[in-house]
2 protein chains.
Amino acid sequence: MRLSTKGRYAVTAMLDLALNGQDGPVTLSEISENQGISLSYLEQLFAALRARKLVRGVRGPGGGYYLGRPADEISIADIICAVDEWVEFTRCRGKEDCRGGQRCLTHSLWDDLSRQIYEFLTDITLADLVARGKDKESDHCHGKKESATLKTRAA
Amino acid sequence: MRLSTKGRYAVTAMLDLALNGQDGPVTLSEISENQGISLSYLEQLFAALRARKLVRGVRGPGGGYYLGRPADEISIADIICAVDEWVEFTRCRGKEDCRGGQRCLTHSLWDDLSRQIYEFLTDITLADLVARGKDKESDHCHGKKESATLKTRAA
DNA sequence: TCTATTCCCGAGTAAATTACTAAGTAATAA
DNA sequence: TTATTACTTAGTAATTTACTCGGGAATAGA
């Protein structure tokens, strides 16, 4: 797993899309202005998102982007993996250099942990975040930032 | 939150330390050889880890590194934050540019998510991973990689 | 058909980060 | 005293980040 500022931009942009894409497509210019991300960089990010079918573009005037599928079917992990390119951490699975040494054990522990993080982020969808946003719409960013925790883990 | 390959190196190295540091300190040379990380890079990483008191160095022959505190008091988040430098994602909390626009709402949603990830990684300690390693010590990396999931979340 | 708007595409790039080499100094066990 | 280890600083090639620039392709509306 990999979680960089690039992934942050992508998640933020997708969140913007989920929030504003209810009636008609959202243009990259709008997202650029809303989120303070350069247009060209957004184009790069959306090229990757489009390749994974996470968004769908509509050309021409009045065009823009839609989510590629319902917000409750797009996980944070989907978004991050689309732009950040899931790096294969260790390639020593069952290789010969694991005998004796701690190396392979450590690596496989890392793999386990990495998978855990991935699964954690798979359980959180854009719809979850949007729902959470609905709650705090009233306090306009100034209220106490306290409420219930995100209900993200499948019980 | 930020999770890069640098953080991966740090976690891997700390894991190595937790596994091998039972009897006497572990040298960076050993970790370097075990994990395939260059010595100088380890020195950089351990400088950061030492600054956060996550490790304690002992100089001279027979020296090396100890964990700075018990393995069950060192979380993955501790390690990653030490080397990766928790970046303050958005600095628009309660600023004026949040009125009207979606911007601040999106940012605060990202903040919530980021905090969730952080808390998730705070719940996983080195001791958890070591315990997991004990389980699979017998199959030497060749057995089926299946068993119980990490017990990471406080019930 | 023309034009404005939008997505789409690729090349180039400054700045930062990554992962490393090199070349030391400081403490300490033998 | 010497070998071993931690510690420190400087430099650097490769990569990534986030961006600019300059186009092209589709399409709604005039």
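In what follows, every chain begins at residue 1, and chains take the letters A, B, ... in the order their sequences are listed.
Taking the side chain of B:Ser40 as heavy atoms from C-beta on, and the options D:dT17, C:dA19, C:dA22, the nearest nucleotide is C:dA22. Nearest to the side-chain atoms of B:Lys6 among the listed nucleotides C:dA19, D:dT17, C:dT21 stands C:dA19.
Side-chain nitrogen and oxygen atoms of B:Ser29 include none within less than 4.0 Å of the OP1 or OP2 phosphate oxygen of D:dT5. Considering only side-chain N and O atoms, A:Tyr65 lies nowhere under 4.0 angstrom from the phosphate OP1 or OP2 of C:dT6. OP1 and OP2 of C:dT13 both lie 4.0 Å or more from every side-chain N or O belonging to A:Tyr41. Side-chain N/O atoms of A:Arg2 include one lying less than 4.0 angstrom from OP1 or OP2 on D:dT17.
For B:Leu42 and C:dA19, the CG to P distance is 12 Å, given to the nearest whole Å. The nearest whole Å value for the distance from the CG atom in B:Asp84 to the P atom in C:dT18 is 6 Å. Straight-line distance from the CG atom of A:Leu3 to the C1' atom of D:dT16: 15 Å, rounded to whole Å. Put simply, CG on A:Leu28 is 8 Å from P on C:dC8, counting in whole angstrom units. For B:Leu17 and D:dA6, the CG to P distance is 11 Å, given to the nearest whole Å. Between A:Leu39 atom CG and C:dT6 atom P there is a gap of 11 Å when expressed in whole angstrom units. Atom CD1 in B:Ile31 sits about 12 Å away from atom P in D:dC7, given to the nearest Å. Between B:Tyr9 atom OH and C:dT17 atom P the separation is 18 Å, expressed in whole Å.
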message: Assess the residue pair A:Arg56 and A:Arg69 against the criterion (side-chain contact (heavy atoms from CB on, under 4.5 Å)); give the C-alpha distance rounded to whole Å, side-chain angles, the decisive distance to 0.1 Å, and a yes or no.
response: CA-CA 9 Å; A:Arg56 183 169 48 87; A:Arg69 45 179 197 260; over 6 Å; no

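Side-chain N/O atoms of A:Ser75 and A:Asp78 include a donor and acceptor closer than 3.5 Å. Counted by atom type alone, A:Ser4 and A:Asp84 present one or more donor-acceptor pairs between their side chains at under 3.5 Å. Between A:Glu73 and A:Thr125, the side chains place no donor N or O within less than 3.5 Å of an acceptor N or O (distance only, hydrogens not considered).
Surrounding CD of B:Glu43 are more than 12 heavy atoms belonging to other residues, nucleotides or ligands, all under 6.0 Å away.
Between the side chain of A:Gln35 and the backbone N or O of A:Ser32 there is no donor-acceptor pair closer than 3.5 Å. When atom types are taken as modelled, the side chain of A:Thr12 and the backbone of A:Arg8 share a donor-acceptor pair closer than 3.5 angstrom.
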- line: Going 5' to 3' through nucleotides 25-30 of chain C and flagging B where a protein heavy-atom sits under 4.0 Å of the base, S where only the sugar-phosphate is that close, and - otherwise, we get -BBBB-

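Here the options are A:Ile31, A:Val26, A:Leu28, the test is side chain to side chain contact (heavy atoms under 4.5 Å, CB included), and the partner is A:Tyr65; only A:Leu28 passes. The only option from B:Ile76, B:Ile79, B:Leu126 that meets the side chain to side chain contact (heavy atoms under 4.5 Å, CB included) definition with B:Leu15 turns out to be B:Leu126.
Backbone-only engagement by A:Thr27 is indicated by non-hydrogen atom pairs under 4.0 Å involving sugar-phosphate atoms exclusively. Note on B:Ser4: only backbone sugar-phosphate atoms sit closer than 4.0 angstrom, heavy atoms only; bases stay farther off.
Under the rule for a ring-ring contact (aromatic ring centres under 6.0 Å, His included), the partners of B:Tyr118 that lie at least two apart in sequence or sit in another chain are B:Trp86.
Annotation: proximity of residues 43-52 of chain B to DNA chain D (heavy atom, distance under 4.0 Å) is found for B:Glu43, B:Arg50, numbered in ascending order.
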